[in-house]
Amino acid sequence: MDEPLTDSTYLILLALLKPKHGYVIMKQINELSQGTYEIGPATMYTILKKLTKNEMISLEETTDRKKIYQITAKGKTALEKDIQRRKHFFEIGEQIMGELGGLADEQT
């Protein structure tokens with residue numbers, strides 16, 4: 001997965017910096033985004049499957065049949081790279097908005 005991470009994938013990897021199971025991942029994404037972003041179970045499990053296949057996360061089944069997911073070194077590297085990409089885009093946007101005096105002022 002050399003392409004940029006989607007928002008959902010990005011948030012899932014952030015949530016998996018500490019091992020957890022599916023429901024807790026969804027709950028933490030809601031908390032991380034302060035309620036502005038929700039991910040449904042179907043989308044989340046599709047992404048988890050893709051991340052597992054690409055060895056960005058690992059899966060461990062517990063004795064009570066819960067599936068615990070955890071980010072791998074490869075996943076951390078991808079997350080760190082995407083954080084830098086997102087910071088760069090933020091800085092570009094901030095610079096352009098500053099140069100233009102902010103678009104919100106012009107549109108009102």
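Side chains are part of it too, since the values below use all heavy atoms of this structure and drop only hydrogens, waters and symmetry mates.
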Rounded distance [0.5 Å steps], CE in M56 versus NZ in K76: 13.0 Å

I83 with F90, same ILVMFWY side-chain cluster at under 4.5 Å: no

Exam field: side chain K67 to backbone R65, donor-acceptor pair closer than 3.5 Å: no

Within-4.5 Å side-chain heavy-atom neighbours: K81 and T77: no

Note: D7-R86 ion pair, threshold 4.0 Å (strictly below): yes

Heavy-atom neighbours of Y37 OH exceed 12 at 6.0 Å: yes

Side-chain donor-acceptor pair present, Y69, T52, cut-off under 3.5 Å: no

Path from L51 to I68 over hydrophobic side-chain contacts below 4.5 Å: no

Spacing of CG belonging to L32 relative to OH belonging to Y10, to within rounding of 0.5 Å: 9.5 Å

Separation of L11 CG from I29 CD1 (nearest 0.5 Å): 5.5 Å

Check: D82 side chain, L5 main-chain N or O, donor-acceptor pair, under 3.5 Å: yes

Check against side-chain contact (heavy atoms from CB on, under 4.5 Å), M44 and I12: CA-CA 8 Å; M44 184 188 66; I12 287 171; 3.9 Å; yes

Distance-minimising heavy-atom pair for S8 and I47: CB-CD1, 3.4 Å

Distance-only polar pair, side chains of Q95 and E91, donor-acceptor under 3.5 Å: no

Flag if over 12 foreign heavy atoms under 6.0 Å of CD, E31: yes

Side chain proximity check, L48 to I25, heavy atoms < 4.5 angstrom: yes

Point-to-point distance, once rounded to the nearest 0.5 Å, from CG of N54 to NZ of K50: 7.0 Å

Under 3.5 Å: donor-acceptor pair, side chain of T72, backbone of S58: no

Inter-residue atom distance K20.NZ - Q70.CD, 0.5 Å rounding: 9.5 Å

T9 versus T6, side-chain donor and acceptor atoms under 3.5 Å: yes

Expected output: side-chain T43 to main-chain I39 donor-acceptor under 3.5 Å: no

pair H21-K66: side-chain heavy atoms closer than 4.5 Å: yes

Distance, nearest 0.5 Å, that separates CE of M26 from OH of Y45: 6.0 Å

